[in-house]
Number of protein chains: 2
Amino acid sequence: MEIEEAKQHFIQSWGTLGSNWGVNRTMAQIHALLLVSNEPISTEDMMEQLQISRGNANMNTRTLIEWGIVTKTHVPGERKEFFQTDKDIWALARQVVKQRRQREIEPMLRVLQEVKDVEGKDKETKEFKELIENIDSFTQKADDLMDKFIRSDEHWFYRQLLKMV
Amino acid sequence: MEIEEAKQHFIQSWGTLGSNWGVNRTMAQIHALLLVSNEPISTEDMMEQLQISRGNANMNTRTLIEWGIVTKTHVPGERKEFFQTDKDIWALARQVVKQRRQREIEPMLRVLQEVKDVEGKDKETKEFKELIENIDSFTQKADDLMDKFIRSDEHWFYRQLLKMV
DNA sequence: TGAAACTTTCAGAAATAATTGAAAGTTGTT
DNA sequence: AACAACTTTCAATTATTTCTGAAAGTTTCA
């Protein structure tokens, strides 16, 4: 396989992976394109290489920036904006975990809290409370793990893995 | 808040959470309904409580069964099928992780493998190979962690968390 | 066997999400 | 200030996903 074909294949797969995780295909592809590019790339480049419209490129790039995984840069002599992403895959993973934690764990914990003080002493209510209690406990542990991951570095994570039986 | 309201609220939130994770809303709601039900429920029950069609209820229930998180049961004296889910939230999490691992990690590793032996000794190719190598290494570690989680029980997981600094 | 009870399927409809492209907005230069 | 270069916005369109409901299929039992 030659390099251009490989990059293309990678971009496609990254897009598919993204859409499985609730990230839109184009957004994941833009990210993949940035990953495989040696230099920062412009909106024009994205449009050409992914065959997408200016609006689409702009919107999805903005979302990537909001997620904190893409940054704007400038190329000397060029007036337009260029974009780049951190090639450190651990940094990327940390950033994504951080986003999802904030965006999903926190709302979930809030709902569980709201629902927790349901009135009643009957069996049905007790069982419901127990379920909510279990989900809450699980969610908090997941939250704790994510928090540790976000604060960690690659080596820490690797050591933790080794420590596990 | 009284019990029916609380259950309703929970079902809605579970639906939203699901759709953030690439699980369709109805599927997540059916699952939530099973979680909060004290007895197994029938397709009719789902249709009525979630206000959905028979086809929709049937299809999504089937997918939940394929995912291994819902099972069929029978209620004595009743001819129709009933469904139930494991209320153990850890068992549920393990099952979901198992599915996603099989469905996403494996294909990703295959793509990385394909793309890894790209030809060329130039800088561009070298950098690409390095990127792929890093993603591959990360993915394998994630795979390893998932594998450990799948084989674990709640207490094991809790102990691992405590061991982490 | 036949017919009621129940389940599954799937083509079309409806809902939702993603994308386009052109106009409006902004920034920098002369 | 006027213009060119560039970015952003958003209404309209297109694509994708989900849902419906009725017909076909299956099971159970008298």
Side-chain angles (χ1 to χ4, degrees), chain A residues 11-34 39-67 70-84 103-104, chain B residues 11-34 39-67 70-84 103-104:
Chain A
I11 290 169
Q12 293 308 318
S13 306
W14 206 246
T16 305
L17 188 74
S19 63
N20 275 131
W21 284 84
V23 172
N24 99 44
R25 173 172 215 78
T26 303
M27 189 169 144
Q29 287 182 342
I30 290 175
H31 180 246
L33 182 59
L34 290 169
E39 315 83 31
I41 69 177
S42 67
T43 302
E44 307 284 335
D45 297 331
M46 294 175 192
M47 288 168 64
E48 193 200 335
Q49 298 206 46
L50 304 176
Q51 288 294 301
I52 58 175
S53 73
R54 183 174 302 282
N56 195 9
N58 182 275
M59 298 282 258
N60 283 111
T61 306
R62 195 207 326 186
T63 308
L64 284 165
I65 292 171
E66 279 164 14
W67 274 41
V70 163
T71 51
K72 287 186 185 178
T73 27
H74 289 275
V75 169
E78 291 271 15
R79 189 155 146 190
K80 63 184 161 203
E81 292 175 326
F82 287 77
F83 305 93
Q84 60 186 8
R103 209 177 288 230
E104 285 149 23
Chain B
I11 290 169
Q12 292 310 316
S13 306
W14 205 247
T16 305
L17 188 74
S19 63
N20 275 130
W21 284 85
V23 172
N24 98 46
R25 171 170 216 81
T26 303
M27 189 168 144
Q29 287 183 341
I30 290 175
H31 180 246
L33 183 58
L34 290 169
E39 315 83 31
I41 69 177
S42 67
T43 302
E44 307 285 336
D45 298 331
M46 294 175 192
M47 288 168 64
E48 193 201 335
Q49 299 207 46
L50 303 177
Q51 288 293 302
I52 57 176
S53 72
R54 185 174 300 283
N56 195 7
N58 182 274
M59 299 281 258
N60 283 111
T61 306
R62 197 212 319 193
T63 308
L64 285 165
I65 293 172
E66 279 164 13
W67 273 41
V70 163
T71 51
K72 287 187 186 177
T73 27
H74 288 277
V75 168
E78 290 271 16
R79 191 155 146 189
K80 61 186 163 202
E81 292 175 326
F82 286 78
F83 304 93
Q84 60 187 6
R103 209 177 288 230
E104 286 149 23

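Values below: all heavy atoms of this structure, side chains included; hydrogens, waters and symmetry mates excluded. Order of the sequence lines sets the chain letters (A, B, ...), proteins ahead of strands, with each chain counted from 1.
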*Distance, rounded to the nearest Å, where Met46(A) contributes CE and dT20(C) contributes C1'*: 17 Å
*Considering heavy-atom distances to DNA chain D, does Glu78(A) or Gly55(A) have its closest nucleotide positioned more toward the 5' end?*
Glu78(A)
*Where the side chain of Met59(B) is concerned, which of dT9(C), dA4(C), dA5(D) is the nearest nucleotide?*
dT9(C)
*Would you indicate what Arg54(B) reaches in the nucleic acid, counting non-hydrogen atoms under 4.0 angstrom: base, sugar-phosphate, or nothing?*
base
*asked:* With heavy-atom distances below 4.5 Å as the criterion, would you say the side chains of Met46(A) and Leu33(A) are in contact?
replied: yes
*For DNA chain C, whose closest nucleotide is more 5', that of Arg25(A) or that of Glu44(B)?*
Glu44(B)
*Just checking Asn24(B): base, sugar-phosphate only, or nothing, at a heavy-atom cut-off of under 4.0 Å?*
sugar-phosphate
*Within the structure shown, what part of the strands sits under 4.0 Å from Thr43(A) by heavy-atom distance: base, sugar-phosphate, or nothing?*
nothing
*Taking atom P of dT29(C) as reference, at what distance in whole Å does atom NZ of Lys80(A) sit?*
16 Å
*asked:* Please pick, from dT9(C), dT8(D), dT27(D), the nucleotide with the shortest atom-to-atom distance to any side-chain atom of Glu81(A).
replied: dT8(D)
*Check the distance between dT19(C)'s P and Asn58(A)'s CG and give it to me in whole angstrom.*
14 Å
*Check the distance between dT8(D)'s P and Asn60(A)'s CG and give it to me in whole angstrom.*
13 Å
*Taking all non-hydrogen atoms of both residues, which atom of Ala57(A) and which atom of Ile30(A) are closest, and how far apart?*
O-CD1, 4.0 Å
*Proximity to the side chain of Arg79(A) - top-ranked nucleotide from dG28(C), dT8(C), dA4(C)*: dG28(C)
*Can you find an N or O donor on one side and an acceptor on the other, under 3.5 Å apart, linking the side chain of Arg62(B) with the base of dT8(C)?*
no
_Can you measure Met47(B) atom CE to dC19(D) atom P for me and round it to whole angstrom units?_
14 Å
_Nucleotide dT8(D), atom C1' - distance to CG of Leu64(A) in whole Å_ = 16 Å
*asked:* Between C1' on dA13(C) and CG on Asn56(B), what's the gap in Å once rounded to a whole number?
replied: 14 Å
*Donor-acceptor pair between Asp45(B) and Ser42(B) side chains, under 3.5 angstrom*: yes
*Output yes when at least one side-chain N/O atom of Thr26(B) is less than 4.0 Å from OP1 or OP2 of dC19(D), else no.*
yes
